[in-house]
Amino acid sequence: MSEASQPPEPHPFEGLPSGPPAPQPAGAGGAPPAARRWSPSRLPVHWRLPLAAYAACQVLLFGWWAAFRPGLISGDSLTYLYEVSTSHWRSDHSVAYDALLWISLQLTGGIAALTFAQTIAMAAALAYVSVALRDLGVRGRWGLLAVVVVAAASMTGSFTVYVWKDVAFTISAIVAFGAVMQLTARRLRGDQGDHGRAFRREMLVLAAGCLGIGLFRNNGFPVLIAAGVLLVALLPGMRRWMAAAVAVPLVVTLLMNNVLYPALGVQKPRPDEVYAFNYADIGVAYSKQPGIFTASDLKLLEGIAPLSHWRGPGGNCHVADPIMRKPMNRIKAGQENGKLLALWARILEHHPGLIIGARLCRADIAWAFTGHTGKYAPSNTSVVTRWSGFGLSSVKELPYHSSLPDNPLSYKLHHAAARAFNWTQTPHRAPFLWRGVNWTYLGYLVVALVALRRRRYELLALAVLPLALQLTVLAANPSPLWRYMCASLFLGMLTVPVLALLGGRGGPPRRPWRASHTPGAAARPPAEGDQDAAPVTGRGA
């Protein structure tokens with residue numbers, strides 16, 4: 001059967017009556033007609049999918065929030081709490097996310113409002129991606145199913161209710177990913193020259209997502225640089241707009257981190273905190289090849305920590321934290337930071353394999369199929385019980401500490417959610433479910449297959465953000481914790497529905513977009529359920 005003769009794609013809500021119900025005549029004796037009942041058919045067609053996706057995701061994410069109320073925490077969460085509740089604001093973590101936590105504490109006296117707001121934002125971001133998938137040509141039902149699975153899955157649904165800057169960072173990445181999908185669909189339709197209201201809205205959404213990527217993680221700016229370069233290369237016809245949508249958030253991020261925050265009194269991290277990765281690289285190099293270090297190098301290292309410390313804990317290539325603990329004199333390390341960086345640069349120049357090997361070892365969460373994933377328990381009890389820091393002996397000395405213990409809306413729901421959480425973390429399931437890089441590889445495979453099948457290189461733009469995230473973690477990562485690749489996990493799962501664009505069995509691929517326009521042809525976005533009847537040849541295949 002040719003594409004021209006194929007029936008139009010059914011809408012996921014097909015079969016429901018369209019338009020308001022016809023008025024009923026008055027009954028016997030002049031009785032008034034029955035009151036009209038609301039139905040989904042009264043919604044505009046283009047709003048049905050996003051509202052259905054949002055409602056389904058919000059219900060599921062509310063379930064996770066209710067099970068783990070007030071929200072899950074880690075040691076980082078308590079660091080945020082200390083900084084914002086004792087006026088020790090620092091830029092070693094996201095100041096923007098700290099501000100959101102501060103607002104939640106000031107308005108409600110706890111963290112539950114912040115984690116609940118995160119469920120709203122995540123549900124909206126997922127609903128937006130469901131629409132972007134439909135614009136790309138994926139049937140609405142498959143896009144709806146994908147976002148519902150993401151909201152329901154233990155590794156993604158539970159992550160949404162953590163007090164972590166990585167949650168806001170991930171939501172921003174999902175928003176930017178949805179915008180990239182819509183702009184890719186526009187390019188495939190040949191509508192990249194139409195810079196009307198819809199185009200400007202898509203660019204603004206992309207810019208908003210990029211701004212969040214920059215503000216909610218200190219190493220977000222390399223993601224923007226890598227993604228911007230690749231998107232400009234892969235999506236011609238809108239390159240200046242694309243460059244502006246990425247460059248403006250990048251500039252704003254850098255100005256806020258380096259100008260605005262210091263002007264507001266936010267403390268910058270010390271040199272020993274900023275360059276801990278470099279010190280860890282030196283430790284790995286010394287443990288592997290001590291002969292390359294000169295007498296002056298050894299004197300420098302000994303003035304900061306015993307050589308046994310550089311060779312012992314410093315030789316752990318998987319984690320940077322051990323070398324930074326006592327007996328290292330971190331204050332002295334900061335004072336000698338220039339000399340240490342010069343030593344690091346010399347090792348990189350003459351023995352690059354040592355530095356690259358240390359970075360790859362510490363970032364195996366971003367490239368290895370299996371390994372330690374640094375997951376956390378689905379409860380706050382252990383964190384609250386064991387934490388101490390900043391000269392405080394326990395969590396009870398922190399302001400607002402009473403808002404931290406587990407207080408689910410339903411203990412039955414809590415136990416069910418915890419069982420589902422723990423079930424996914426068994427050794428034979430965790431690598432497939434929790435390891436973000438495996439979902440990233442799956443997303444790459446899907447994009448590559450569809451791009452080759454359809455012969456449209458623009459589809460490679462769907463892999464840009466996952467690739468930028470992966471490269472950033474590979475470049476500098478403190479330890480193999482799953483949260484560093486959690487945004488990649490979400491994007492990989494949301495890329496899977498694109499596989500539907502490969503087409504049906506034994507026939508030509510479905511064509512949600514038209515062939516490239518000939519000169520002078522007018523661009524027309526496809527109507528709801530429209531199927532293009534152009535022949536499957538050349539670039540349009």
Side-chain angles (χ1 to χ4, degrees), residues 64-119 158-169 216-218 266-267 269-270 272-273 276 319-322 324-326 330 373-411 413-415 417-418 421-422 425 478-479 481-484 486:
W64 288 108
W65 181 84
F68 295 132
R69 191 183 70 151
L72 294 170
I73 64 173
S74 69
D76 285 344
S77 311
L78 298 179
T79 299
Y80 309 160
L81 181 61
Y82 169 80
E83 291 180 352
V84 304
S85 63
T86 61
S87 299
H88 286 86
W89 290 72
R90 286 167 53 86
S91 58
D92 52 343
H93 294 285
S94 167
V95 178
Y97 189 78
D98 285 354
L100 295 179
L101 175 59
W102 181 83
I103 292 171
S104 177
L105 295 174
Q106 296 302 311
L107 294 181
T108 67
I111 63 173
L114 173 60
T115 53
F116 183 75
Q118 288 172 182
T119 68
S158 64
F159 172 76
T160 305
V161 298
Y162 267 98
V163 180
W164 256 340
K165 66 182 184 300
D166 303 88
V167 178
F169 176 85
F216 289 121
R217 189 180 282 175
N218 288 347
V266 177
Q267 299 177 13
R270 301 191 310 267
D272 62 286
E273 296 171 326
V319 186
D321 291 342
M324 303 305 296
R325 298 178 184 140
K326 293 181 178 180
R330 298 187 60 166
T373 52
K375 299 181 293 294
Y376 298 83
S379 171
N380 294 344
T381 302
S382 61
V383 179
V384 169
T385 302
R386 300 175 185 175
W387 183 88
S388 63
F390 306 104
L392 307 180
S393 60
S394 73
V395 168
K396 292 182 179 179
E397 297 183 44
L398 280 175
Y400 304 102
H401 70 272
S402 60
S403 70
L404 301 176
D406 298 327
N407 186 25
L409 292 182
S410 166
Y411 280 94
L413 182 61
H414 173 80
H415 294 320
F421 188 98
N422 293 326
Q425 290 195 14
S479 58
L481 301 180
W482 68 271
R483 65 188 178 91
Y484 294 131
C486 200

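We number each residue from 1, following the sequence as shown.
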With a 4.5 Å heavy-atom cut-off, do E273 and M324 have their side chains touching?
no
Tightest non-hydrogen contact, residues A418 and F68, listed as N-CZ, 4.1 Å
4.5 Å side-chain heavy-atom contact, Y97 and D166:
no
How far does SG of C486 sit from CG of L481, to the nearest 0.5 angstrom?
11.5 Å
For the residue pair P399 and T86, establish whether any side-chain heavy-atom pair is separated by less than 4.5 Å.
yes
Spacing of S403 atom OG and L114 atom CG [to the nearest 0.5 Å]:
10.5 Å
Residues at least two apart in sequence or cross-chain that pass side chain to side chain contact (heavy atoms under 4.5 Å, CB included) with H93, listed by chain then number, are D76, T79, Y80, E83, K165
Sub-3.5 Å donor-acceptor pair from the side chain of R90 to the main-chain atoms of Q267, do we have one?
no
Return the set of residues passing ring-ring contact (aromatic ring centres under 6.0 Å, His included) with H415 (not counting sequence neighbours), or none when no residue passes.
none
Is a donor on one side and an acceptor on the other found under 3.5 Å between the side chain of D321 and the backbone of P478?
no
Hey, does D406 have a side-chain heavy atom less than 4.5 Å from the side chain of V384?
no
Which atom pair, heavy atoms only, marks the closest approach of S104 to A113?
OG-CB, 3.6 Å
Taking every non-hydrogen atom, the tightest pair across G109 and Y400
O-CD2, 3.6 Å
One should read off an interatomic distance between S94 OG and D98 CG, to the nearest 0.5 angstrom, of 6.5 Å
State whether a side-chain donor-acceptor pair under 3.5 Å links W65 with T115.
yes
So F159 and V167, do their side chains get closer than 4.5 Å, heavy atoms only?
yes
Separation between CG of N380 and CG of L72, rounded to the nearest 0.5 Å
5.5 Å
Run the side chain to side chain contact (heavy atoms under 4.5 Å, CB included) check on T108 and F116 step by step: do they pass?
CA-CA 12 Å; T108 67; F116 183 75; over 6 Å; no
The reported gap from NE2 in H401 to CG in L78 (rounded to nearest 0.5 angstrom) is 12.0 Å
What residues, two or more places apart in sequence or in another chain, satisfy side chain to side chain contact (heavy atoms under 4.5 Å, CB included) together with S77?
I73, S74, V163, W164
Over all heavy atoms of both residues, which pair between H414 and P378 is shortest? Give the atoms and the distance, please.
CE1-O, 3.8 Å
Could you work out, with side chain to side chain contact (heavy atoms under 4.5 Å, CB included) as the rule, every residue matching W102, not counting sequence neighbours?
V84, W89, Q106
Step-by-step side chain to side chain contact (heavy atoms under 4.5 Å, CB included) determination, L404 to V383:
CA-CA 10 Å; L404 301 176; V383 179; over 6 Å; no
Are P408 and L413 close enough that some pair of their side-chain heavy atoms sits under 4.5 Å apart?
no
Can you list the residues that meet the side chain to side chain contact (heavy atoms under 4.5 Å, CB included) rule with S402, with sequence neighbours excluded?
none
Could you work out, with ring-ring contact (aromatic ring centres under 6.0 Å, His included) as the rule, every residue matching Y82, not counting sequence neighbours?
H88, F390
Closest heavy-atom pair, F421 versus A377, reported as atoms and distance to 0.1 Å, is CE2-C, 4.3 Å
Report the distance from atom CZ of F169 to atom OH of Y484, rounding to the nearest 0.5 Å.
12.0 Å
Which pair of non-hydrogen atoms, one from R217 and one from R483, has the smallest distance, and what is that distance?
NH2-O, 3.5 Å
